[in-house]
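One structure is given below, encoded as structure tokens.
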Amino acid sequence: AQTVTQSQPEMSVQEAETVTLSCTYDTSESDYYLFWYKQPPSRQMILVIRQEAYKQQNATENRFSVNFQKAAKSFSLKISDSQLGDAAMYFCAYLGYGGSQGNLIFGKGTKLSVKP
Amino acid sequence: GAGVSQSPSNKVTEKGKDVELRCDPISGHTALYWYRQSLGQGLEFLIYFQGNSAPDKSGLPSDRFSAERTGGSVSTLTIQRTQQEDSAVYLCASSSDRSGQYFGPGTRLTVT
């Protein structure tokens with residue numbers, strides 16, 4: 001079975017600085033998707049960024065980028081120029097590429113605080 | 001366009017009562033998912049609907065939980081004879097493909 005591990009329960013960053021959140025996963029599949037979701041106190045889960053495993057290029061969405069290391073099964077999220085609005089829980093998630101299983105497998109999350 | 005909506009936003013019920021939680025997915029999304037988020041268990045998958053296929057119920061924790069999706073759109077999650085351990089936030093998501101699931105704001109269920 002696939003698992004997702006986020007080893008940092010909490011992180012803190014100064015406004016305008018850069019922070020990296022870690023995620024590792026375990027799978028025997030060769031094709032899959034990886035995601036980062038943000039959950040602010042409003043509890044709405046927001047899709048931040050996605051990566052398809054067959055793509056070697058790291059995904060980037062504005063201030064958010066990932067470092068995808070397929071061999072190491074690592075998928076970290078880098079937030080540049082951190083803003084107060086980035087404060088939230090961040091969840092790493094895995095989704096198999098095919099087959100009947102459609103549910104996301106989530107890590108336990110990392111709580112990010114942003115200091116002004 | 002409109003996102004995923006869920007109702008009610010919050011629900012307080014007495015132990016032993018039945019509850020129904022509603023999810024209205026993004027128009028045109030063929031897949032719909034229910035997850036449960038609790039402090040002790042994190043985010044757990046409950047059930048998955050894909051088009052007209054039989055739903056994947058593998059995540060339902062007990063036979064007190066059931067869900068249906070009418071007309072390929074709105075879904076209702078029903079919990080019968082609620083227990084205190086059912087207290088959690090219930091999240092619904094929908095998708096058109098595997099490139100991303102889009103979540104609603106959730107329903108916070110409190111069983112007293």
Side-chain angles (χ1 to χ4, degrees), chain A residues 1-10 23 25 27 29-55 59 61 64 66 75 77 88-111, chain B residues 2-6 8-10 23 25-26 29-61 67 69 75 88-110:
Chain A
Q2 294 85 8
T3 59
V4 177
T5 302
Q6 293 179 249
S7 58
Q8 306 152 316
E10 295 188 24
C23 172
Y25 59 94
T27 184
E29 298 178 318
S30 58
D31 290 323
Y32 45 87
Y33 291 91
L34 294 164
F35 305 88
W36 279 98
Y37 280 88
K38 169 185 177 182
Q39 187 179 40
S42 67
R43 80 175 179 236
Q44 175 103 39
M45 295 279 279
I46 301 165
L47 177 60
V48 174
I49 198 165
R50 70 173 67 87
Q51 175 80 40
E52 297 178 58
Y54 71 86
K55 290 185 177 179
E61 289 286 344
F64 299 87
V66 299
F75 183 60
L77 174 70
M89 283 290 290
Y90 286 82
F91 292 94
C92 178
Y94 171 99
L95 177 66
Y97 197 74
S100 60
Q101 181 190 15
N103 57 289
L104 292 165
I105 298 170
F106 288 93
K108 295 291 188 184
T110 296
K111 183 177 181 180
Chain B
V4 177
S5 61
Q6 292 186 246
S9 178
N10 292 282
C23 172
I26 293 172
H29 279 190
T30 56
L32 186 147
Y33 315 79
W34 284 97
Y35 295 88
R36 178 169 72 173
Q37 186 175 27
S38 57
L39 281 175
Q41 300 297 321
L43 278 151
E44 302 173 274
F45 163 71
L46 296 177
I47 189 168
Y48 159 47
F49 296 88
Q50 173 60 60
N52 295 320
S53 302
D56 176 358
K57 303 179 182 180
S58 60
L60 295 178
R69 188 179 185 191
S75 177
V89 174
Y90 289 81
L91 294 167
C92 176
S94 70
S95 69
S96 58
D97 55 34
R98 286 179 176 268
S99 66
Q101 296 180 16
Y102 297 87
F103 284 79
T107 294
R108 181 178 297 280
L109 176 66
T110 304

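Proteins come first, then strands; the chains are lettered A, B, ... in the order of their sequence lines, and each starts at number 1.
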Proximity breakdown for A:Arg43 and chain B, heavy-atom pairs closer than 4.5 Å: both
Side chain, backbone, both or neither of B:Ser58 within contact of chain A (heavy atoms, under 4.5 Å): neither
Under 4.5 Å from any heavy atom of chain A - which part of B:Gln6: neither
Sidechain-backbone polar pair: B:Tyr35 side chain, A:Asn103 backbone, donor-acceptor under 3.5 Å: no
Max heavy-atom pair count under 4.5 Å with chain A, selected residue of B:Gly42, B:Gly100, B:Ala93: B:Gly100
More than 12 heavy atoms of other groups within 6.0 Å of B:Asn52 CG: no
Option in B:Gly104, B:Ser53, B:Ser95 with maximal non-hydrogen atom pairs under 4.5 Å from chain A: B:Gly104
A:Leu47, part contacting chain B, at a heavy-atom distance under 4.5 Å: side chain
Which atoms of A:Glu52 approach chain B - backbone, side chain, both or neither, heavy atom under 4.5 Å: neither
Option that, when pairs with chain A are counted at under 4.5 Å, heavy atom only, ranks first among B:Gln50, B:Glu44, B:Gln37: B:Gln37
Close side-chain approach of A:Tyr37 to B:Gln101, heavy-atom, < 4.5 Å: yes
Inter-residue atom distance A:Gln39.CD - B:Leu91.CG, 0.5 Å rounding: 6.5 Å
Heavy-atom proximity to chain A below 4.5 Å, by part of B:Ile47: neither
